There are 2 protein chains.
Amino acid sequence: MMGMNEEGSLTGNVGFLLGKLGQVASNRFAERLAAIGLRPRHCWLLESLRAAPTNQLDLARRLDVAPSVVVDMVDELERLEAVRRVRDTRDRRRQYVELTATGRTLLGRAARVGRDLDVELLAELSARQRTALRDALGVIAAANGLPTG
Amino acid sequence: MMGMNEEGSLTGNVGFLLGKLGQVASNRFAERLAAIGLRPRHCWLLESLRAAPTNQLDLARRLDVAPSVVVDMVDELERLEAVRRVRDTRDRRRQYVELTATGRTLLGRAARVGRDLDVELLAELSARQRTALRDALGVIAAANGLPTG
DNA sequence: TATTGTTATACTCTATAACTATA
DNA sequence: TATAGTTATAGAGTATAACAATA
């Protein structure tokens with residue numbers, strides 16, 4: 001027998017570990033992000049807009065959250081002048097959301113926070129393990145419809 | 001240049017991906033767990049008890065949640081007859097929490113749910129990538145004080 | 001009638017603080 | 001006084017449903 005996992009055990013389960021570590025990573029990311037006035041969900045939205053601007057309902061689909069949550073996030077990001085609502089002239093129901101120069105700057109700062117966090121999070125791994133982890137997570141993200149750059 | 005990541009991008013960032021994928025994994029785990037009346041946090045507690053029975057305050061420390069949250073979780077698990085509170089006879093302030101036979105059965109079912117989810121979550125990865133991912137997550141979990149079996 | 005965005009509301013999960021019973 | 005557990009309450013973060021404007 002090679003594995004250490006016992007029959008009825010959940011430790012060592014990838015979904016289980018992912019859930020716990022995701023919580024840890026998100027909390028740490030949130031703590032540091034607070035310094036620049038953002039929360040993780042704002043980054044998901046900004047990142048999605050950077051890939052391609054779109055309207056609010058489409059953002060809800062992309063981020064897999066309720067439309068009312070997008071309203072809230074866009075309100076907050078508009079207050080930070082990171083995004084701008086632009087009414088579609090051809091279908092006036094649609095609100096297009098655009099990234100501003102400020103938004104791009106904020107996203108850049110968030111990316112730096114993320115890189116710093118990665119260095120700490122992956123400190124115990126070898127260079128090879130880091131690459132393998134990054135690749136594996138990228139594949140899973142892509143398979144689940146998340147943006148992968 | 002080997003990487004595809006652009007300068008100001010967060011996609012490809014491990015902490016960022018971990019946060020999003022952790023949310024996805026947790027939500028799916030929660031959905032399926034509902035069929036057997038459990039939520040993810042119940043599994044963390046049951047898993048911790050399986051490793052070693054203890055009192056409520058120690059569980060709060062182990063799981064890194066507030067003591068009041070443990071009260072709630074133990075209430076719910078007692079209703080399911082998955083655990084039993086046993087008053088410590090030597091220090092009557094302490095409530096020891098024990099896993100029952102029912103609790104063991106439930107944990108076994110939860111483990112099956114976790115294994116099934118893993119198969120789907122890792123479907124796109126090669127056997128080698130799966131092992132590498134499992135190992136890397138285990139190392140990070142251990143480095144952050146989480147149980148690793 | 002259907003769709004986009006919005007508001008109102010409620011639910012889940014968690015933390016903090018006040019309380020009780022024991023020590 | 002201090003500790004283990006409990007209760008009450010409040011804060012995030014989310015979802016659902018009803019609504020207004022537009023199609």
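Order of the sequence lines sets the chain letters (A, B, ...), proteins ahead of strands, with each chain counted from 1. Fair warning: this is a prediction, and the values are worked out from it, not measured in the lab.
- Contact annotation: side chain of A:Ser68 to base of D:dT16, donor-acceptor pair present below 3.5 Å.
- One interatomic measurement links the two molecules: CG of B:Asp72 to P of C:dA15, which rounds to 12 Å at whole-angstrom precision.
- The nearest whole Å value for the distance from the CG atom in B:Leu59 to the P atom in D:dT6 is 12 Å.
- We find that CD of A:Gln95 is positioned 19 Å from P of C:dT3, with the value rounded to whole Å.
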Salt bridge (Lys or Arg N to Asp or Glu O under 4.0 Å) between A:Arg28 and A:Glu31, worked out: CA-CA 5 Å; A:Arg28 288 217 200 138; A:Glu31 278 171 23; over 6 Å; no
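- An OP1 or OP2 oxygen of C:dT3 is reached within less than 4.0 angstrom by no side-chain nitrogen or oxygen of A:Arg93.
- Distance from the side chain of B:Asp91 is smallest to C:dA23 among C:dA23, C:dT14, D:dA23.
- Contact between A:Leu63 and B:Lys20 at its shortest, heavy atoms only, is O-NZ, 3.3 Å.
- You'll find that the side chain of B:Gln23 is closest to D:dT14, out of D:dT14, C:dG5, D:dA15.
- Using a 4.0 Å heavy-atom distance criterion, A:Val65 is classed as a sugar-phosphate-only contact.
- If you check C:dT4, C:dT14, D:dG5 against the side chain of A:Arg94, the one that comes closest is C:dT4.
- Between D:dA23, D:dA15, C:dT22, one nucleotide has an atom nearer to the side chain of B:Arg92 than all others, and that is C:dT22.
- A sub-4.0 Å separation between OP1 or OP2 of C:dT6 and a side-chain N or O of A:Arg85 is present.
- Between B:Val71 and B:Arg85, the closest heavy-atom pair is O-NH2, 3.5 Å.
- Rounded to whole Å, atom P of C:dT3 lies 18 Å from atom CD of A:Gln56.
- Rounded to whole Å, atom C1' of C:dT12 lies 15 Å from atom CG of B:Leu33.
- Partner B:Val74 forms a side-chain contact (heavy atoms from CB on, under 4.5 Å) with one of B:Gln95, B:Gln56, B:Arg84 and no other, that one being B:Gln56.
- A straight line from CZ of A:Arg61 to P of C:dT4 spans 6 Å, rounded to a whole angstrom.
- Between the CZ atom of B:Arg87 and the P atom of D:dA4 there is a distance of 13 Å, rounded to whole Å.
- Taking a 6.0 Å sphere around CD of B:Glu120, one finds it holds more than 12 heavy atoms contributed by other residues, nucleotides or ligands.
- Taking atom CG of residue A:Asp88 and atom C1' of nucleotide C:dG5, one finds them 13 Å apart after rounding to whole Å.
- Counting non-hydrogen atoms under 4.0 angstrom, B:Asn55 reaches the backbone sugars and phosphates but no base.
- Taking only side-chain atoms of A:Leu57, from C-beta outward, the nucleotide of D:dG5, C:dG5, C:dA23 with the closest atom is C:dG5.
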